[in-house]
Amino acid sequence: MTILEELSRRVGDVFAEAELDRQYGRVKLADRPDLAQFQCNGALAAAKAARQNPRALAEKICQTLRSDAAFKDVSIAGPGFINITLADDDLARRLGAIIEGDRLGGWKTPEPEKILLDYGGPNVAKPLHVGHLRTAIIGESLKRIFRFAGDVVVGDVHLGDWGLPMGQLITELKREQGDLVYFDAAFEGAYPDQPPVLLMDLERLYPQASAACKADRARADEARQATAELQKGRPGYIALWKHFVAVSRQAIEKEYEDLGVIFDLWKGEADAAPLIQEMAADLASKGLIEDSDGAQVIRVASDGDNKKIPPLMLFKSDGGVTYGATDLATILDRVRTENPDRIIYVVDQRQALHFEQVFRAAGLAGLFAANRLEHIGFGTMNGKDGKPFKTREGGVLRLREMIDMVTERAQARLAENGLAEGYDDAETTDIARKVGVAALKFADLSNPRSSDYIFDLDRFMAFEGKTGPYLLYARVRVRSVLAKAEAAGAGAPGEVKITAPEERDLALVLLGFGDALRQAHNKRLPHLLCDHAFLLAQAFSKFYAGCRIADEADQAVRASRMALADASGRQLELILDLLGIQAPERM
RNA sequence: GACCCCGUAGCUCAGUAGGAUAGAGCAUCAGAUUCCUAAUCUGAGGGCCGCAGGUUCGAAUCCUGCCGGGGUCGCCA
């Protein structure tokens, strides 16, 4: 149980004794840290509901609470706020209890679920660009948060490998190397193992094809035709397509790795393709499919809707498969292969309507309960002009270039500050990459995911204030001071005793981890964990500035402070891991 | 046109079960290092919470209207 859950239960009991709803006992961190550590505003609402005097009711609650030795102070303020401050002994005892284990107070979900997490969504033959950044970063963090909280998570990259771009690639390659065996419809032998293209070829062919199809209707028809043949299983195209996917995946996987993003499954739209006919037949037999202007749709609106939900299109008027059909069939595939309790999609907020349609259709079709399908949307990363981020030339910035850019900046900052002096080149480069990526990821994660944010390299790379590097720096300082202490024979960390205000504040923050994790998990909001990480780094920095640790003369105080430092370091490390941020050993 | 999101300090943003004096970071100004990494710490100034009504003992938060910005609305994914 987290500290707020525990205190809420304690105060809730008292409300219950007074024959009031125990929900009124909800305790939260105090808005006024100058007055107390925790507060409960329930007496106000309870008094209103029970037609009682709020101050009198609060006083009654307080009297019971005051008998508890865990509380140093329980008082009433204003119209009936109950302010609570823990006794230092109790604070130390609670902290002692959470720092013994590996979880450091990390909350565990009471109802673990098997979650299939759909994030990433890269496309074959298209290099990753900044548009892929948020889903990767947010998805990876959510995966780690869920897992640590006790859920079973399967992360699926859900590769875009089955649409029109595949046909475009095929036809484009045909124009360049039409004599390849893959294009010979009469060929019946085995196709070569070696791919006919390199990554650089794909990266050239795709934009070429895409532009050509836009400009020339005939080319577009040709690509559509090839797509249809591929999807029908033309052997040469399938063989070629497999090469495209393999070549592309290798590159994509490497880039995700540099970002610290790792998937359990590398499935794609193509994996759902074989199920589409079967699914469509089932939907049809249930009378859910309708013809609309030649297209096949499923109506998902219901009477209670306060907004219009258009039907989900499954098949286009030319018979082509839409991503609505693919997404539905993917659910079927996931049920059969993974059988999750819940499927969560980490995809741009702009696709909210599409998911609403798909979820409703899945529910109607009996594929999956709509309330166990979740779209975790996020806002766009904008440039300083407030519009989706573009390079100065107006193009999309590749992820690779982005990572190089932040690494370079970090390197420059290291040199400027005279940090990492005397480290060899390899370590300096490694530190720079970690610092740069941490800055990037923390900047992204620390925004509430549903809002847009402005990408400002100068701000992210400033490294002062609420940034990734600030967290890394705090962690490095913990390590450093503990190493110094050990070298000086300062003894082992011991029992926590509160002797200074900085220690009390730090202990309180450390105890807040459980609630931060619980909220981040339940609301699927990693930024709440970022807030906690920053609070922790800040509290540690104040403690570090205000209290001697390694060379504190009093042995018991020294042992206590080392325990506080150690706990801070380990909790920070754990949180960085949950955020998917890699930390250097020193910097 | 319909629907959704947003509008809070000079800048970027928190504040999502209505509660005390609306917070943080940056920037600005003033300080701190004989001492564990100063990418740090301490302090100060800075606000008609878009506007106007309403509900309430109490509203940045809930309701209505208006203004401004962004997004979505069947044959791209």
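Using a 4.0 Å cut-off, some side-chain N or O of Lys542(A) falls inside it from OP1 or OP2 of rU42(B). For Ser451(A), no side-chain nitrogen or oxygen approaches OP1 or OP2 of rC6(B) to under 4.0 Å. In this structure, Gln538(A) reaches the rG25(B) phosphate: one of its side-chain N or O atoms is under 4.0 Å from OP1 or OP2. Phosphate contact (OP1/OP2 of rU37(B), side-chain N/O of Lys484(A), threshold under 4.0 Å): present. Contact check, Arg477(A) against rA38(B): a side-chain N or O comes under 4.0 Å of OP1 or OP2. Taking 4.0 angstrom as the limit, Tyr423(A) places none of its side-chain polar atoms (N or O) nearer than this to OP1 or OP2 of rU37(B).
For Asn41(A) and rC57(B), the CG to P distance is 18 Å, given to the nearest whole Å. One atom, CE of Met313(A), and another, C1' of rC75(B), lie 4 Å apart when rounded to the nearest Å. In this entry the distance linking NZ of Lys126(A) with P of rC76(B) reads 14 Å, nearest Å. Atom CD of Glu464(A) is separated from atom C1' of rA27(B) by 11 Å (rounded to the nearest Å). Rounded to an integer number of Å, the gap from Arg449(A) CZ to rA14(B) P is 13 Å. Atom CZ of Phe534(A) and atom C1' of rG15(B) are 16 Å apart (whole Å). Atom-to-atom, CG of Asn522(A) to P of rA17(B) comes out at 12 Å; the value is rounded to the nearest Å.
Within the 3.5 Å criterion, the main-chain N or O of Ala550(A) finds no donor-acceptor partner in the side chain of Arg561(A).
Atom name C1', nucleotides rG70(B) and rU56(B): the rounded distance is 33 Å, in whole Å. Taking atom P in both rG10(B) and rC48(B), one finds a spacing of 7 Å when rounded to whole Å. Taking the P atoms as reference points, rG47(B) lies 25 Å from rC62(B), given to the whole Å.
Nearest nucleotide to the side chain of Ser317(A), out of rC75(B), rA14(B), rU40(B): rC75(B).
Remark: rC66(B) base-pairs with rG50(B); criterion is Watson-Crick or G-U wobble with both hydrogen-bond distances under 3.5 Å.
For CD of Glu486(A), the number of neighbouring non-hydrogen atoms (other residues, nucleotides, ligands) closer than 6.0 Å is 12 at most.
Judged by ring centres under 5.5 Å apart and planes tilted less than 30 degrees, Phe81(A) fails to stack against the six-membered base ring of rG19(B).
Side-chain rings of Phe455(A) and Phe460(A) approach one another, their centers coming within less than 6.0 Å.
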